[in-house]
Amino acid sequence: MYELGIDAIWFNPWYPSPMADGGYDVTDYRDIDPLFGTLEEAEELIAEANRLGIRVIIDIVPNHCSDKHAWFRAALAAKPGSTERERFWFRPGRGANGEDPPNEWRSFFGGSAWTRTTNPDGSPGDWYLHLFASGQPDLNWSNLEVRREHEDVLRFWFDRGVAGARIDSATLLFKDAALPDFDPEHALVPHPYIDRDELHELYREWRAIADSYPGSRILVGEIWLPDRDRFARYLRPDELHTAFDFEFLACPWEAARLRAVIDATLAAHDPVGASPTWVLSNHDVTRDVTRYGRAETGLGSEEETCSIRTVDLMRGTRRARAAALLTQALPGAVCIYQGEELGLSEVEDLPENVLQDPVFFRSGGTNPGRDGCRVPLPWEGDAPPFGFSDGNASAPPWLPQPASWRNFTAAFQVSDPRSMLTLYRKALHIRRQERAFGDGPIRWLSAPANVLAFSRGDKLICVVNLSEESVELPPHHGVLLASELLDGDLLPADAAVWLRT
Ligand code: NOJ
């Protein structure tokens, strides 16, 4: 009934986890957290999805595990210098009594990247490195056991029929063993823990594993690197297949800047023969409807991203609809974050006592964190939990859904021709039907100020009006899909259209 028309589903980490960071703190890479089900159920799901032609992509989290993982527990129980501790980054502290962290590195979530351990006799011990929350100790990728373990985990899931892996924090993993301090304003080259060259040999090994399986198994990198050439190195033919294009996601709603980002992305992918993967949102950023409804439409610093600002949701929704048509007209893959297809906005008024994201806690509450984009989906019905769970009051969804979502459920939208869900379903359907939307090039067409127009093949044109005024459409034979009602041959502001020429 709610068929969307997708080819694959990427699951965020579904492994057993204390959920110190939404499951990105894994205690067992070969099992499923009881919150979500069992390993047998996951196997059934993968098999059923495969039967339906939907591929399953899992999330691999190699940079760190949970502090409750058997390896980390063993490391805590073992002595400094032991093989158990070699799998992580343990170091004595600085200062007369080791009371200062081994270096000044900061966690991406705020605060120091080091936490001090306690010895079995209760005295303070060595420190361990965690680039994220303290419940996520970083693994030592120079350690062969760490490498072999993750190769085995990849095989474990490929053996179960998964079609690919999204690699979390794919540019971190390796560290400079000297753990040098650096000025974040003038980062060291090479950086002591971002984008180190050793990663490429690792991903070549992983690619060989993926290629050793029948059918196509793909590796998708989570790669936030502003340097396009460094980014593209990960997508060489014997490394990862693709990576999310965060420059596109972060780009403000301005025609010239979007065009520049699209051109730069295509130019970076071209020499390595890889396909881009376009994204408008994900579980780490403010939802696109909200972002595009703000005065500052780009993704700023995390602090800015998360602070509550004035938002015009009507405008944000129009732009998000137009952005969906723009994104889906581009060559490459498109990844839709759950709820994007329902036009959900960021839930910005979650009470503090329900927040879960370590970003909120580690920033001392100055950054609301990412819970606002992670509120469970509304499927049907007039009241929470909107069919997401069975409505059992003792087990409500882990974040409360706004009552206003009764007008955003999949059931509410599915037969409404003007809904976001209908737009996504139609767009995905047409994108699949029209060969011109495949991997071929795009050709920019001349267009008025703050309007994007490009053709795909010789029969399709996409026009996106980011200006404040209606603009005249180029000559065409028919309209395949429009994000807003057209006024004759005029495309309204903040709208997009796919035309047949
Ligand atoms: C990136 C993931 O997308 C994010 O949700 C997570 O917090 C960090 N990596 C750490 O695993």
Side-chain angles (χ1 to χ4, degrees), residues 9-29 33 57-69 72 88-89 105-111 113 115 128-139 141 146 150 153 164-175 193-195 199 219-225 231 234 240 242-246 249-250 277 279-288 299 302-303 305-306 335-340 346 355-363 367-376 398-399:
I9 307 179
W10 151 35
F11 287 93
N12 286 129
W14 54 8
Y15 319 104
S17 164
M19 304 289 163
D21 177 25
Y24 283 96
D25 48 318
V26 179
T27 52
D28 182 353
Y29 291 88
D33 194 280
I57 297 178
I58 52 155
D59 212 318
I60 289 282
V61 190
N63 180 66
H64 43 266
C65 60
S66 161
D67 62 345
K68 302 293 180 294
H69 189 287
F72 194 71
F88 298 92
W89 293 98
W105 292 4
R106 311 291 296 165
S107 151
F108 287 108
F109 290 165
T115 289
Y128 68 91
L129 176 71
H130 51 85
L131 290 179
F132 294 94
S134 57
Q136 296 169 292
D138 276 51
L139 287 158
W141 275 87
V146 169
H150 281 80
V153 166
R166 175 261 188 192
I167 304 165
D168 183 65
S169 305
T171 57
L172 300 182
L173 282 61
F174 287 94
K175 318 276 154 25
Y193 54 81
I194 299 177
D195 186 30
L199 284 160
L219 300 172
V220 189
E222 189 212 7
I223 299 179
W224 295 81
L225 282 184
F231 175 94
Y234 291 85
L240 310 183
T242 186
F244 302 114
D245 198 75
F246 294 119
L249 180 156
T277 293
V279 273
L280 287 175
S281 58
N282 70 21
H283 62 289
D284 291 329
V285 300
T286 306
R287 282 193 176 276
D288 53 334
L299 186 69
E302 292 210 356
E303 222 83 34
T305 307
C306 295
C335 198
I336 299 165
Y337 175 51
Q338 50 108 357
E340 190 183 304
E346 187 84 358
L355 295 183
Q356 317 209 356
D357 187 358
V359 168
F360 172 74
F361 300 101
R362 292 187 66 92
S363 69
N367 185 331
R370 304 160 294 178
D371 291 306
C373 69
R374 298 177 174 183
V375 174
W398 66 91
L399 289 167

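Remember, it's 1-based here, ligands and their atoms both numbered in the order they're listed.
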Taking the side chain as every heavy atom from C-beta outward, state whether [X] and [Y] have any pair of such atoms under 4.5 Å apart.
{"X": "Tyr193", "Y": "Asp138", "value": "no"}
{"X": "His130", "Y": "Asp67", "value": "no"}
{"X": "Val153", "Y": "Tyr15", "value": "no"}
{"X": "Thr27", "Y": "Pro18", "value": "yes"}

Self-check item: Modelled atom types, side-chain donor and acceptor of Asp25 and Ser17, under 3.5 Å
Solution: yes
Quiz item: When you check the side-chain N and O atoms of Asn12 and Tyr24, is any donor under 3.5 Å from an acceptor?
Solution: yes
Practice problem: Just say parallel, tilted or perpendicular for the rings of Trp224 and Phe246, cut-offs at 30° and 60°. | Solution: parallel
Among all the protein's non-hydrogen atoms, which is closest to [atom], and how far away is it?
{"atom": "atom 3 (O) of ligand 1", "result": "Asp284 OD2, 2.5 Å"}
{"atom": "atom 7 (O) of ligand 1", "result": "Asp21 OD2, 2.6 Å"}
{"atom": "atom 11 (O) of ligand 1", "result": "Asp168 OD2, 2.7 Å"}

Exercise. Classify the contact between Trp224 and ligand 1 as side chain, backbone, both or neither, using a heavy-atom distance cut-off of under 4.0 Å.
Key: neither
Exercise. Report the part of Arg166 in contact with ligand 1, treating N, CA, C, O as backbone and CB onward as side chain, heavy atoms under 4.0 Å; options are side chain, backbone, both, neither.
Key: side chain
Examine ligand 1 and decide if any of its atoms is less than 4.0 Å from a heavy atom belonging to [X].
{"X": "His130", "result": "no"}
{"X": "Phe108", "result": "no"}
{"X": "Gly22", "result": "no"}

Going by the atom numbers of ligand 1, which of them fall below 4.0 Å from some non-hydrogen atom of [X]?
{"X": "Ser169", "value": "9 (N)"}
{"X": "His64", "value": "10 (C), 11 (O)"}
{"X": "Arg370", "value": "4 (C), 5 (O), 6 (C), 7 (O)"}
{"X": "His283", "value": "2 (C), 3 (O), 4 (C), 5 (O)"}
{"X": "Arg374", "value": "5 (O)"}
{"X": "Glu222", "value": "1 (C), 3 (O), 9 (N)"}
{"X": "Phe132", "value": "8 (C), 10 (C)"}

Practice problem: Look only at the side chain of Asn367 and the backbone of Phe360, and say whether a donor-acceptor pair between them is shorter than 3.5 Å. | Solution: no
Quiz prompt | Aromatic centroids of Trp10 and Phe244 separated by under 6.0 Å | solution = yes
Quiz item: Among all residues two or more places apart in sequence or in another chain, which pass the ring pair (Phe, Tyr, Trp, His ring centres under 6.0 Å) test with Tyr337?
Solution: none
